[in-house]
Protein chains: 2
Amino acid sequence: MAARIEFFCEFASPYGYLAATRIDALAARHGRALAFRPVLLGPIFRRTGAIPLVEMPIKGDYVARDVARAARAIGEPLGWPAGQPTTGLYAARGFYALLPDDPAAARALYMACYRRYWVEAIESASAGAVAEMAETLELDGAKLLAAMGSDAVKQRVRDANDAALAKGVFGSPFVIVDGEPFWGFDRFGEVERWLETGGW
Amino acid sequence: MAARIEFFCEFASPYGYLAATRIDALAARHGRALAFRPVLLGPIFRRTGAIPLVEMPIKGDYVARDVARAARAIGEPLGWPAGQPTTGLYAARGFYALLPDDPAAARALYMACYRRYWVEAIESASAGAVAEMAETLELDGAKLLAAMGSDAVKQRVRDANDAALAKGVFGSPFVIVDGEPFWGFDRFGEVERWLETGGW
């Protein structure tokens, strides 16, 4: 069986959000399973020396324009939250709390928070907001909140981040296909071509 | 008559080089004239706080791989000069020395240096190397060398860089179509679509 496509995204990354809305269909078109893995770029940026795009003079303005243009190009609604950039810490903890027992619920929760933030521009990144979102998905919010505060889940988030960094992940979105790394939603065309042809 | 496409590139940028090999055909397909404008990212990066990609841990390794993949994807030969990143100062001075009187020669000289550096991986960025390259194009190398050292040409390079920065140029390649900015060779598909549709 062909290897899973590995997909990494950061909560505060609008390109990551747009890519997350498209990665399932992409994987399905090529008969591949998907490993969806949220990452926290904060600790990763401290290793690479990168600066969050939107915080850079001149470039930040361009990025806001480019993101809106990319969203319109694929017909995906996108807001621009006032508090940007936010932290993806609690959405990631919620995700990794659920992942071992119920990957589908983990993904649904993360995407619901992601969508609420990037489409409705509503704050969805606090622990309380993530637990509330879990309730709307018929998950146990109180139990999730407790898990999100546990050392075991905190460690799971750190381990996932370290694993991503060890694979060379330094930005969002980031896709790995059969060991080949692709950074950016703008590489999805190349990802498709790589899957079709086996590489060039 | 439709406005010119404005194209900006930095000598040390391999994505800029790849884009420069394709921008004329792109403009021609859409019946647009082209304003080809080399820039120096050093002074621009000091304004935006950016770090040269190849100098960043982890990300730099990815970029080298991505550039080679992008070159293979379009069938364009590409080397990887040992001294990377270099300075585009003298190639830019040679270009802007020739531009007012002979834009075609300016472009030919810059592209010849660009190609020598990025394809043959031969040092072509010093004043002497630029003047030698001019001789191979049947231009007066000694005259060009003198012009490259003149205050007038130095100022012309600074003015061109300031003009680019004023238009929001912060990276290489950078294309402006009817006021719409596109950063990166990976945006050429969108540039084409923008030219075809008038925007979205």
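Letters A, B, ... mirror the listed sequences (proteins, then strands); counts begin at 1. Since we're looking at a predicted model, the values are computed, not measured.
Taken together through direct or relayed side-chain contacts under 4.5 Å among Ile, Leu, Val, Met, Phe, Trp and Tyr, A/L18 and A/W80 form part of one hydrophobic cluster. B/Y114 and B/I122 are not part of a single hydrophobic cluster, where members link through side-chain heavy atoms under 4.5 Å apart. Criterion: ILVMFWY side-chain heavy atoms under 4.5 Å apart, direct or through other members. Under it, B/Y90 and B/L145 are not part of a common hydrophobic cluster.
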Show me, pair by pair, the donor-acceptor contacts under 3.5 angstrom made by side chains of residues 193-200 of chain B, not counting sequence neighbours?
| from | atom 1 | to | atom 2 | distance (Å) |
| --- | --- | --- | --- | --- |
| B/T197 | OG1 | B/R193 | O | 2.8 |
| B/T197 | OG1 | B/G199 | N | 3.1 |
| B/W200 | NE1 | A/R69 | O | 3.0 |

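One finds the NZ atom of B/K59 at 6.5 Å from the CZ atom of A/F45 (value rounded to the nearest 0.5 Å). To the nearest 0.5 Å, the span separating CZ on B/F188 from CG on A/D186 amounts to 13.5 Å.
At a heavy-atom cut-off of under 4.5 Å, chain A is reached by B/L165, B/G168, B/F170, B/F174, B/G179 from residues 152-179 of chain B, listed in order of number.
Counting non-hydrogen atoms of other residues, nucleotides and ligands closer than 6.0 Å to CZ of B/R4 gives a total of 12 or fewer. Other residues, nucleotides and ligands contribute more than 12 heavy atoms inside 6.0 Å of the CZ atom of B/R22. Residue B/Y96 places its OH atom among more than 12 non-hydrogen atoms of other residues, nucleotides or ligands, all under 6.0 Å distant.
For A/E180, the parts lying under 4.5 angstrom from a heavy atom of chain B are both the backbone and the side chain.
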